[in-house]
Amino acid sequence: MIIVKFSLIGLGLTGLSLYAKTLSEKDINDGPYIFFDKKNNIENSNVFQLQAEALSICDGQVFNLFFSLKIGNQIDFCGESFEFSYAKPKSDPIDIRGDFQIAALSDIHGQFDLFIQLLKNNQIIDSQRRWNFGDGHLVITGDVFDRGDQVTEALWYLYDLEKQAERSGGKLHLLLGNHEVMVLNGDLRYLNKKYQVSSQLFAQSFEKLYSQNTILGEWLRQKNVLVKINQFLFAHGGFHPDLARQKFSLEKINQLFKQSLVAQELKTKRSELEYYLHKTNGPIWYRGYFNENGASEDEINLLLNHFKVTNIIVGHTSYPTIETRFDGKIIAIDSSMKKGKYAEILLYKENKLFRGTLSGKILALE
Ligand code: ZN
């Protein structure tokens, strides 16, 4: 193991150190969690260099590795080459129009293998796991975190896929779900046991592994809570009719939500409205399209008219397959991937919506 690590000096790492603590949890591989020191940010026209530290767990042992962050990076992770490209994350637009295919899925919940299988069988990615959706837009309506034990894999994969999509003229829209927001805020109730152990091995609280000075933490903090693509509006939970009655714009909802994302990082307390958006009736928790006492037909129409869309597409409320409510105006795309057995993807092509099954069969959306 040590020999493998020192051989990395030849790959251009400017500094390298490692240590290993012998611990009992031998089965755990996790990471890398990459931290950078923002104070050492040296930025000019072409050179982008930050000192970074990668923390990993390999067979239950903690390793750290110092290196200079570049645009393209190759570091060691448990004896294998781990490649990633770094770019300062930018906020994605939330109102997009264009003539392209759309695909959407939700609630990966650490089920990385199933997620990959679903994308492959529906030709969103190829057999090498590379973006294969051309100028298409793939929307993931939140909840990559919690429950399952392949969260880190899923996040790094999405981090990379996003860049691949852009190079092809397409786009990956990763929206925040309640589980992203919970973890960033240190609410770790649904953390898989593996990550509880990781956190103990690293001797830091799990949310610190996604703090502002980590690559994935910085990236997640730029993510939106909603996106409108042509006639479709996406969010993790949904939009309470009051938001339409009070004539809130999507820009305002997204802005207020994001500026109050992590409570402990705020200089002042969340405002009443920010608090509302982060609680039960806000876009990441709302379930009112599926409750007996939830939104009425009139309220759904009010929402659609106000936001100028024909459909609202949400995750968060799980069903065995993709389902619709209110004559298809509401589409529920959390098809229970969290159970690790089955999942579907919503597809929009040639002006029609379809369900893509796990095996890649295309079914009409009822
Ligand atoms: Zn959720």
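Numbering of ligands and ligand atoms starts at 1, following listing order.
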Angle subtended at the Zn ion (ligand 1) by D143 OD2 and H236 NE2, to the nearest 10 degrees, is 90°
Below 6.0 angstrom between ring centroids: does that apply to H173 and F234?
no
Would you check if the side chain of S336 reaches a backbone N or O of K339 as a donor-acceptor pair within less than 3.5 Å?
no
What is the name of the N/O/S atom in H316 that sits closest to the Zn ion (ligand 1)?
ND1
Whether D334 has an N, O or S atom under 2.8 Å from the Zn ion (ligand 1)
no
Within 45° of the axis and under 6.0 Å from the centre of the six-membered ring of Y319, does NZ or CZ of R325 qualify?
yes
Do any of the N, O or S atoms of H179 sit under 2.8 Å from the Zn ion (ligand 1)?
no
Is the shortest distance from a Lys or Arg side-chain nitrogen in E218 or K88 to a carboxylate oxygen in the other one below 4.0 Å?
yes
